[in-house]
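Here's the structure, in structure tokens; my notes come after.
First listed ligand is number 1; within each ligand, the first listed atom is number 1.
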Amino acid sequence: MSEATGRDDPLDRLPKVDLHCHVEGTMRRETVIELAAHNNIELPTSDPAELYHYSSLDSFLEVFWLVQSLLVDRDDWTRLAYEAVVDSAAHGLVYGEFFFTPARHLEQGQFLADIVAGLDEGFAAAEQETGAQVRLIADMDRAHGPGAALAMVSQLIDLRRAGATGMDRVIGVGMDSTEEGVNPADYVAAYELAERAGLRRTAHQGETTPPWTIQAALDVLRCERIDHGLSVLDDLEVTRRMAAEKIPLTVCPTSNIKIANHVERLELHPYAEMRDAGLLATLNTDDPALTELDLGIEYRAVHDAFGYEFADMVAIAGDGIDASWLDDDGKRRLHARLRSAAEELQDSG
Ligand SMILES: [Zn+2]
């Protein structure tokens, strides 16, 4: 098997899904510089190489918020969405369910309808060009509290009912940002509303909080997936249940190292342990541009860190398909595509 050489790497070319990718976290450095100039926003540095540097979750969040602040009008969202898919598809993305977290923008007076329409336009153009497909998950921002979350979900549902542009692309809700000191159950009203409207449900949980918060997300918020969910292994009961019920976890090992400093090296990350425990632990990028990452690099890194075979990585890609919110037909088609590509790449590798 070849080295980690970008597009020559079979793991880079393998068809993959990404179920945990924040669209804001895909912004190219050059786009940061250009949008800042266009929107008259001063950056801490004009050197693209210096932009994405941080040593802790707090300094990461400052950069993330800076990137978010550059998205001022509909065209900015379109550009972001287009580049996100083009860049991901270049490393094997065939299907994505991407988060967007509009709380800050809504607070500053942007309209949810414009944000979604802008994202939709960019995704549609990139889908046409690359053949990849992307859906959206509207994330509630825990830093803004349950009231803002409920208002956002309610607005989302109204726009969906009204048939607003791009709304059929939004298939679910989630929540992100700070976990500590937050009881997931406080968000039950927003999640109930989302479920009644037929939206799928996930939540960032258990990256830095104990397993009871994962349990609350499953039982109180009726989440169908958990994003990160690393602490699940601290509770045998929750682990057994999630394995038995095949409740997916969208894990982002490199992000856990670079952003949250959760573990020092990939070899020490619980990802392999999660898979050994029978959990449907999928592999995803989180904030790829901000961590100099893409799906190809992540698959290669995990392959190397845990001594996985090519076939193990194909199985992980297959689990990503199963964990997606595609319908059965969509999943079957992607599985067939993965199978035939894997055979071909296996022979050529
Ligand atoms: Zn995330």
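Note that Arg201 lies outside the cation-pi zone of Trp325, set by a 6.0 Å cut-off to the ring centre and a 45° limit from the axis.
Taking backbone and side chain together, Asp286 holds an N, O or S atom under 2.8 Å from the Zn ion (ligand 1). Distance check for His228 against the Zn ion (ligand 1): none of its N/O/S atoms falls below 2.8 Å. Taking 2.8 Å as the criterion, His22 counts as a coordinating residue of the Zn ion (ligand 1), since one of its N, O or S atoms falls below it. Residue side and main chain included, His20 places an N/O/S atom under 2.8 Å of the Zn ion (ligand 1).
The pair Asp219-Arg241 meets the salt-bridge criterion, since a charged nitrogen lies less than 4.0 angstrom from a carboxylate oxygen.
Close placement of the Phe99 and His204 rings is indicated, their centers lying within 6.0 Å of each other.
Between the side chains of Asp322 and Ser324, no donor N or O sits under 3.5 Å from an acceptor N or O.
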